[in-house]
There are 4 protein chains.
Amino acid sequence: MTNNEIMTSIKDERLIEKRRNQMIQGAITLFKKKGFHRTTTREIAKESGFSIGTLYEYIRTKEDVLFLVVDAIYDKVKKRLMSMMHIEDPSIEHLMRVIDSYFRVVDDMQEEIIIMYQEVKSLQKHTQEYVLQKERDMVHMLQQLIQTCAPKVSKADAELMANNIFVQGHMWGFRRWALHKPFTLDEYIERQLEYLQITIKNL
Amino acid sequence: MTNNEIMTSIKDERLIEKRRNQMIQGAITLFKKKGFHRTTTREIAKESGFSIGTLYEYIRTKEDVLFLVVDAIYDKVKKRLMSMMHIEDPSIEHLMRVIDSYFRVVDDMQEEIIIMYQEVKSLQKHTQEYVLQKERDMVHMLQQLIQTCAPKVSKADAELMANNIFVQGHMWGFRRWALHKPFTLDEYIERQLEYLQITIKNL
Amino acid sequence: MTNNEIMTSIKDERLIEKRRNQMIQGAITLFKKKGFHRTTTREIAKESGFSIGTLYEYIRTKEDVLFLVVDAIYDKVKKRLMSMMHIEDPSIEHLMRVIDSYFRVVDDMQEEIIIMYQEVKSLQKHTQEYVLQKERDMVHMLQQLIQTCAPKVSKADAELMANNIFVQGHMWGFRRWALHKPFTLDEYIERQLEYLQITIKNL
Amino acid sequence: MTNNEIMTSIKDERLIEKRRNQMIQGAITLFKKKGFHRTTTREIAKESGFSIGTLYEYIRTKEDVLFLVVDAIYDKVKKRLMSMMHIEDPSIEHLMRVIDSYFRVVDDMQEEIIIMYQEVKSLQKHTQEYVLQKERDMVHMLQQLIQTCAPKVSKADAELMANNIFVQGHMWGFRRWALHKPFTLDEYIERQLEYLQITIKNL
DNA sequence: GATGAATGAGCATTCATTCAT
DNA sequence: GATGAATGAATGCTCATTCAT
């Protein structure tokens, strides 16, 4: 399943894209405030700037909106992550720079990431799988970057580290009640990177 | 707010405890399968072994059930964590043993922990705060254990490490789709502990 | 149907009377505040000083409570009215004195009278009829007093006047929002009595 | 608060009016039979000719229906009263003619008036006040008519008389069990008007 | 006689979805 | 393509009444 396998009765592709983007923006705004379940389709339509009837011209069920949203969030993270990944010179420093950037991306997208932690389970198994694959892909990219930049790290270690880094990024968002008081973002990044460097060097 | 500030019209304290435990068990079973929002109060009553009327003799709103559940989960983790924490001899080895146990506890409670990640946000701010305080307390315990067992680690580092460890525990549950294929629990624990030891030694 | 035709499983007559009086007092307090429909049987039991189980030992349905209440209110008005009615000397002055007293009784029982205006319709037809008969009896007493004290007034006029007087009494209670600002009770009574006297004299 | 401050999600004003009228008619039919509290919203929807969902598109709570009903009843009485009030020649005869008409209006609306006596108290204080103001306005109109047609009557007397007349009208409806046997409507009106005329002339 | 825990039918209200215009 | 009125199944919650202790 992909984004454009969602049923619609509209022919004009350009319009579909435009409407769905409106919908995603509107829905994200609302999901941030109230979560998926407490948000009604009417509210989504209104926030998106069109009528409930029109909403249902572009999706089939409320869950489709959630899918569109989650998918869009993943794509956004992925796109921003990708733009930093092209390896100029495969050094530890370069790895650190990428991870630093990643932490800043998730800082910027804290609320979107919280949505994902809370709502992915509400997707159908099938759709969930599609979305998780995207996450796996991203983790895999990071894993490979680790292996490239720190060739001595084993594949298994690289994989686990990639997961650790990913979750440490998210954690900055979903545990802000625990972390934002003792640390600034810069401090947080600096510490996590230091732990990682130490680990890589001394494995 | 504490567990027994939830309104009930029942006078027999022993019965309240018994019925609420039935309720918590029933609700957890259902929340694992369908989440809080998709579970109806009628289903909770049925699964708990009594009627909808009886359910509402022991709580006031559906959210009370969620609170009871989340509170019970935290208490269970905390209790099991506490039982391992009494310091015999404050060494790195002892620290590792405690964390190892912690990882095994959360492995055992994976689904309960997923419930928390998904549903804590559905609690009222006020109740949420009460619950998060419990988590803070646990993290704090771990932080202090780190400082005791590894006195050279700074307070800030101990705090961040405690948070990292906590989330790495949870992560084993909520990212099983990413971790359970490449790692067994033993491998997972062994790797995470090794990273930690390296970091502590080389900070 | 009478008061003691209401089913009960209790044998001790004295106890029945005691409990029912508690119940009536409790219910009136609550009905004044919230009306019959918004008051629960649990509240009535509590306000009466015993348990819901006990309440149902002395009545069969919630409507029985309403009946007991309405019946008690009528009896109280009637008793107080009766105590003034024994004719010493059948003059217009005496008639006016009785009516004056009646107005003061209903002033004293405003809220009870409002209960009746609002809730009698909630009784079963059968019970309603029993209660209305009590009102008819009272009106009839007044009618006869009028005829005795003002023999020239026709039977029909006496009947209509009696009804007018009754309702003017109630009106002081249920239209206080219209009457209590422009008139004191004394002024109200004085005016109504004057209109009546004029009418009787000039018919 | 006015009629069209009641929340609705419908945009078509004409439709709102149409549906609300259906609703008012349906509700009055049911309230006459069973009163407000014993009538369910589903019954109201059905009697009005649409589904429960549609009902709630035009109101927010069940109490809104009661308000709509009470408001409509007042408006109807007021409209019919107003249509008779334009003073051609300010004489006692004219006053009597207006009051005669008023009695015939309330005869026609007996059951609606009973609804008001029973249910106004169920409105929120705020809404209740709005409705009572309408009644005050009507009484005030009558009071002024009395003063115009019988200039010797004092303001206070005119006010009390206006209230008496109003309640005598209602009384014909809510005490039919006491009045409809001894009197026809014509007799009732004739007698009440005579008492009034006598009083005015001899004050 | 008194108690209060248990019951479940019943109610107000919501909201995803459809479809005529 | 867009609109928004209509629908009714579903849901949280209440409360009169019963009955075992």
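Note that the coordinates shown come from a computational prediction; the quantities given were computed from them, not determined experimentally. Labels below follow one simple rule: chain letters A, B, ... track the order of the sequence lines, proteins then strands, and each chain is numbered from 1.
At the phosphate of F:dC15, neither OP1 nor OP2 sits under 4.0 Å from any side-chain N or O atom of C:Thr41. When the side-chain nitrogen and oxygen atoms of D:Thr54 are compared with OP1 and OP2 of F:dT7, one or more of them lie within a distance under 4.0 Å.
The separation between C:Tyr56 atom OH and F:dA16 atom P is 6 Å, rounded to whole Å. The distance between atom CD of A:Glu63 and atom C1' of E:dC15, rounded to the nearest whole Å, is 16 Å. Rounding to whole angstrom units, NZ of residue D:Lys46 and P of E:dC11 are separated by 13 Å. If you measure from atom CG of D:Leu15 to atom P of F:dT3, you get 18 Å, rounded to the nearest angstrom. Straight-line distance from the NE2 atom of B:His37 to the C1' atom of F:dA10: 15 Å, rounded to whole Å. Taking atom CZ of residue A:Arg60 and atom C1' of nucleotide E:dT18, one finds them 14 Å apart after rounding to whole Å. For the pair D:Glu43 CD and E:dA12 P, the computed distance is 8 Å after rounding to whole Å. As a whole-Å value, the separation of B:Lys62 NZ from F:dT14 P is 15 Å.
Among the atoms of the strands shown, none is found under 4.0 Å from any heavy atom of C:Thr8. Residue C:Ile52 is classed as a base contact, given a heavy-atom separation below 4.0 Å to a base. Within 4.0 Å (heavy atoms only), A:Thr40 reaches sugar-phosphate atoms of the nucleic acid but no base atom.
Across all non-hydrogen atoms, the minimal contact from B:Ile16 to B:Tyr58 is CA-CE2, 3.8 Å. Minimum interatomic distance between D:Leu68 and D:Ile24 (heavy atoms only, all atoms of both residues): O-CD1, 3.9 Å. Summarising the geometry of D:His37 relative to D:Lys62, their closest heavy-atom pair is O-NZ, 3.7 Å, with the distance given to 0.1 Å.
Between D:Phe36 and D:Phe31, the ring planes are perpendicular. Angles over 60° get that label, and only those under 30° would be called parallel. Between D:Tyr130 and D:Phe67, the ring planes are tilted. Angles from 30° to 60° get that label.
In terms of position on DNA chain F, the residue among B:Phe36 and A:Tyr58 whose nearest nucleotide sits closer to the 5' end is A:Tyr58. Mapping C:Ile10 and B:Ser9 onto DNA chain E via the closest heavy atom, the residue that lands nearer the 5' end is C:Ile10. Nearest-nucleotide positions on DNA chain E for A:Arg42 and B:Leu55 put B:Leu55 closer to the 5' end. Of the two residues near DNA chain F, D:Phe50 and A:Asp12, the one whose nearest nucleotide lies more 5' is A:Asp12.
The base-pairing partner of E:dT21, taking Watson-Crick or G-U wobble contacts with both distances under 3.5 Å, is F:dA2. Of all nucleotides present, only E:dC11 satisfies the Watson-Crick or G-U wobble test against F:dG12, with each distance under 3.5 Å.
With E:dA2, E:dA6, F:dC13 as the choices, the nucleotide that has an atom nearest any side-chain atom of C:Arg19 turns out to be E:dA2. Comparing E:dG1, F:dT7, E:dA6 by their closest approach to the side chain of D:Glu57 singles out F:dT7.
Considering C:Lys33, C:Arg38, C:Lys34 in turn, C:Lys34 is the only one that fulfils the side chain to side chain contact (heavy atoms under 4.5 Å, CB included) rule with C:Glu43.
With hydrogens and angles ignored, no donor-acceptor pair under 3.5 angstrom links the side chain of D:Arg38 to the base of E:dG10.
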